[in-house]
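Note sheet for the following structure.
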Amino acid sequence: MSRSVALFTGVFLLVFFAFGKAAYAMHITEGILPPRWVFTWFAVVIPFVGIGIYHVKRKKKAVPGYLPLVGMLGAAVFVFSCFPIPVISLNGMATSHPCGTGMSAVLLGPFVSVVVAAIALLIQALFLAHGGLTTLGGNIFSMGVLGSFSGYFAFKIAQRCKLSLFWCGFLAGTISDLFTYLGTSIELGLLVINKGGSFLKAVAEIFGMFMMTSQGVLCIVEGVIVGFILLFIYRRKPSILLDLGVIKDAAKPVQM
Amino acid sequence: MGFLHHTFSDVYARQNNWLTRIDVRVKLLYVISLLVMNLLAKNILISILFLSASFILLFSVKIPLKATLRSMLIPLSFAILILFVKGLHEGEKEWMSFAVAGHTVSLKEEGLRSGLHTCAKALGGISLVIVFSCTTTISRVCTGLKWFRVPNTIIELLAFVYRYIFLLLDEVSTMWIAQKSRLGHSSWKKAIKSLGTLGGMLTIRAFERSERTYEAMRARGYEGGGILTINLSPWKKREYVFVIGMVLILSLFIYAGNVQIW
Amino acid sequence: MVALQIRNIRYRYHDGTYALCGVCLDIQKGEFLAVLGPNGSGKTTLLKHLNGLLKPMEGEILLEQKSLAQYSSREIFQKVGIVFQDPNDQLFAPSVWEDVAFGPMNLGLSKNEITHRVEEALSLVGMLQHTNKAVDALSFGQKKRVCIAGVLAMKPEVLVLDEPTCGLDPAGVTSIMTLLKELNDKYGITIVMATNAVDLAPIYMDRLAIMYQGSILTVGAPVDVFSNTDEIKHACLELPQIAQLMQVLRDEDNLPMGNLPLTVGEARKFLAHRLNGIRLMIRDQVSA
Amino acid sequence: MVALQIRNIRYRYHDGTYALCGVCLDIQKGEFLAVLGPNGSGKTTLLKHLNGLLKPMEGEILLEQKSLAQYSSREIFQKVGIVFQDPNDQLFAPSVWEDVAFGPMNLGLSKNEITHRVEEALSLVGMLQHTNKAVDALSFGQKKRVCIAGVLAMKPEVLVLDEPTCGLDPAGVTSIMTLLKELNDKYGITIVMATNAVDLAPIYMDRLAIMYQGSILTVGAPVDVFSNTDEIKHACLELPQIAQLMQVLRDEDNLPMGNLPLTVGEARKFLAHRLNGIRLMIRDQVSA
Ligand SMILES: Nc1ncnc2c1ncn2[C@@H]1O[C@H](COP(=O)(O)OP(=O)(O)OP(=O)(O)O)[C@@H](O)[C@H]1O
Ligand SMILES: Nc1ncnc2c1ncn2[C@@H]1O[C@H](COP(=O)(O)OP(=O)(O)OP(=O)(O)O)[C@@H](O)[C@H]1O
Ligand SMILES: [Mg+2]
Ligand SMILES: [Mg+2]
């Protein structure tokens, strides 16, 4: 009995460590997806990336400054995703990193945001060993496609509902994060179906684990931060938000 | 400093050694086909072989072991995660089980076995990527991607984003320090608020910098064309030798990967 | 010969700031002109007009007797190259070679010609050995040089620089200024630079223009400009250190002096002459 | 009394650059110390150690005889305030008042105390009339002053500044340096600043430290430091203009001289004395 308790504790600690760290990067690592999923996810994301590229190209023709703008904001979003965010959760006070897709979707629109996410993921896979090359498709799907579109629509719907700028940003940040983790959980859950594992249970467990370790709090905190960011830009230089088409003139900045 | 605990591995790529001198196209071909091999292999040995070969290569060009291990930490933890996901869900035969709060949690043998295989694949794969990135600079990567017909827009954005990440990281860490030294991060609530401010300043400065950069680009004749001049050098004898070598090695691996031993 | 004529231009930013209110200035071919002035006096705004990045609201600029508005922007950029203050804004390509090649590439030159120009430009600024380096791996002064090379690769006739020495250490300042002087002397490139460094002006420049609140107070050779001390003070500037010393000697200690010496060399000549002259005089008189 | 003791500290950045390799330095209470050095010599890195923003890999820093590691970061930040080079990095709030209040607010002071401190700090830097302005509407020099006010509002004993004069016009430089000198003289605040401006050092500073490649070459009064010309050259620095002139006079024109005069004032005294002395001598001899 005591042996199994020790074993269990060991396993538990290991899992905890693994989740703490894995959630830190939250991109699926090289080699984990089997060939058919690699293929599937690439097939799914290529149209999105293609449309994003088309958007950038078309806009670049009309406004040549668009390319440096996207590049610079892309770098800014990447840097934002390196922010050490303090979160309190089951595993105590820890820091975690935001995804940043919510913000890029709000600033750049969903399709261009997919391109930016793809580039960020490529850089992380190549130069930081977060994520991987064969899993790039899957990661672009969860973070780029799901994250961007959910964040973008959350923002737009919130704006329709006449919520204040802060709450619009909050919803964009939080919802895009939730969808990103959901996407990752689904992709991982799908790995067990062909060997008689139960897909839904696995997804629920993985998603639950993400939420219970720091990431659940992170979703909320990232939302708050994105809200503050938009608020700050609105107060300091509203012309930027107008130029990017984030707000029309009559946005209500704060109302908390 | 909370920022940039990440070390971008291309600092090593700027050195001059036999691996950095190999043409990027050859390296890309190798890495991609080996990664595919790694995925397709039916036995664990191939991945272990890749892992150890990568370590030897990294050692041969004097990349510090510590740096390699540090960058493998996150992939490793992800691999362990997968091990348990698979162990909990795949297969029938129990390996061991616990009771947690009234529920029985059982790890299954089959799942653990396939999980272990996936772990090995993850480590083998990531170590190949590390070898590639520690020996190839971003501008070489761009050259290679160009040759593989990756759209120009992606390559340009990649180069541009990569170029400015470091600069913005520097600026942001100065701002972060400035906030910290006026106690802007002394409690959790303040820290969140300050991070919002920081993100806002970052965005504003990125926006302004993009305007200045665009001016500088215009002054050098930019009208919306390409921003990269990629010079593809012709293949030399060396490159052909490498590619032929690769075909041989690959066929060997395809054979070895199909041997069922476990 | 006049390279650029600035005819009474005015410029207002979107937010209503009048940055230039009637600037007139002739820039001679082959000269080395410094534009001095306090922060916010409109130096940067003026320089951006010289190659058409900003269009004047009133007045016009003539490049070789023809209004800038009549040139295509490509023609202007080929004739007038501009280097901004922060080198990081200008180096957007990952490696030195690619960055310098950006301009020639946009000119649509052949591959050979591009390679040739890049090499030439890099060797002019003394960076040929760093051709394949990544831009982030360069020091601040080296980045500055690559920026200059990027513009030189377009073979401009006029080189416009905004505060090229700001943020550099003294050795770096000397090396950049020597480079510019050489480009000006040997290759006949007309150089216009904005700067705050009054000490440099008399050493390297042929002519100075002092800006203040969006217009030009005086233009002239350093000797003439610095002889009008009140105007210099008024424009929030100072005399070069050496000139300050000599001025004190002249005004307070009644040392008779023609033109105020402005550089170490001039002051030395003057003082040595004086001191030795006196010494010789003493000897003569003693021996007499 | 020693305010800060730096004991043989080393620091390496993540990418492997050794930015500090064994720096030892004592900073006296109430002194005005300048850290000079070429680009990349580690000045900024050293300053960031002074208030614990970077932790040394080896060695330690003592603040009032106690190791920095034993203080809480709040205590350190209250004792040692730091002002970075680019004011735009440091002004977080939309208006001047809010920005200066940021520090005191985080100290958890009462509303009255906060108002009081903000006003005091703003009046110290002479910006009281701009209290309600938007930060973006300020000039570069004014932004710099607000940054300093923001740190002063925390009532630090030591003020650390990174290149406070870079990018300012000469009048701005004089005004910031006068402000710092006043803070140092009148209010006894210890000031440490990194700078590239050799001309300023002898005018305002008590002591200089010369850094080169991550370690300190010399520390001492300006006269002593600048008397070792080779070391200065070696560290990519230059003598102040005045000192250059006097050096030429001494070495080339054989003018006998004790210590090299470094400022306009000193040089004037020396030269006037000489010139007049000789003149008097002549008169004497002629009359004799
Ligand atoms: N983009 C802008 N929008 C609005 N006003 C501006 C802008 N750029 C500059 N100004 C204003 O125009 C005036 C002239 O600015 P400019 O940058 O030309 O000065 P400068 O002489 O280059 O100063 P410095 O020495 O600080 O570089 C200043 O009052 C400045 O505040
Ligand atoms: N964040 C960083 N990561 C890696 N290396 C760095 C970093 N910051 C500075 N360095 C390196 O450390 C060394 C010292 O840099 P530091 O900024 O302290 O110099 P400095 O004396 O302040 O120079 P400057 O006069 O240009 O401000 C340099 O070689 C620099 O390249
Ligand atoms: Mg300017
Ligand atoms: Mg510095």
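Heavy atoms only: backbone and side chains are in, while hydrogens, waters and symmetry mates are out. Letters A, B, ... mirror the listed sequences (proteins, then strands); counts begin at 1.
Side-chain rings of A/Phe42 and A/Phe39 stay apart, their centers remaining 6.0 Å or farther from each other. Checked against the 6.0 Å centroid threshold, A/Phe232 and A/Phe228 do not count as a close aromatic pair.
Contact count against chain A (heavy-atom pairs under 4.5 Å) is highest for B/Met201 among B/Met201, B/Arg218, B/Glu211. Per-residue heavy-atom pair counts under 4.5 Å with chain A were compared for B/Ser127, B/Ser71, B/Gly199, B/Ala79, and the maximum is reached by B/Gly199. Ranking A/Val224, A/Ile123, A/Leu33, A/Leu188 against chain B, the residue ahead of the rest is A/Ile123, based on heavy-atom pairs under 4.5 Å. Looking only at heavy-atom pairs under 4.5 Å with chain A, the residue among B/Ile82, B/Thr213, B/Val141 that has the most is B/Ile82. Note on B/Ile138, B/Ile204, B/Thr153: by heavy-atom pairs under 4.5 Å with chain A, the leading option is B/Ile204. The most heavy-atom pairs under 4.5 Å with chain A, out of B/Thr203, B/Ile165, B/Thr118, come from B/Ile165.
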For residues 48-58 of chain A, run the donor-acceptor check on the side chains, cut-off 3.5 Å, and write out each pair with its distance to 0.1 Å, sequence neighbours left out.
none

N/O donor to acceptor pairs below 3.5 angstrom from side-chain atoms of residues 62-77 of chain A, sequence neighbours left out:
none

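With a threshold of 4.5 angstrom between heavy atoms, B/Pro151 approaches chain A through side-chain atoms but not through N, CA, C or O. Heavy-atom distances place the side chain of A/Leu122, and not its backbone, under 4.5 Å from chain B. Contacts between A/Phe78 and chain B at a heavy-atom distance below 4.5 Å involve the side chain alone, from C-beta outward. Only the backbone of B/Thr136 comes within contact range of chain A, with at least one heavy atom under 4.5 Å from a heavy atom of that chain. For chain B, the nearby part of A/Ala125 is the backbone; its heavy atoms alone come within less than 4.5 Å. In this structure, the portion of B/Glu156 lying under 4.5 Å from any heavy atom of chain A is its side chain and not its backbone. With a threshold of 4.5 angstrom between heavy atoms, B/Tyr164 approaches chain A through its backbone and through its side chain. Within the 4.5 angstrom heavy-atom criterion, no atom of A/Val116 approaches chain B.
In this structure the side chain of A/Ile240 reaches within 4.5 angstrom of the side chain of A/Leu244, judged on heavy atoms. Proximity of B/Arg209 to B/Glu171: side-chain heavy atoms (C-beta onward) are separated by under 4.5 Å at one or more points.
The aromatic rings of A/Phe83 and A/Phe80 sit perpendicular to each other, their planes meeting at more than 60°, with 30° as the lower class boundary.
If you run side chain to side chain donor-acceptor pair (under 3.5 Å) between B/His185 and each of B/Lys180, B/Gln179, B/Lys193, only B/Gln179 comes through.
Nearest heavy atoms, A/Ala172 versus A/Val106: CB-CG2, 3.7 Å.
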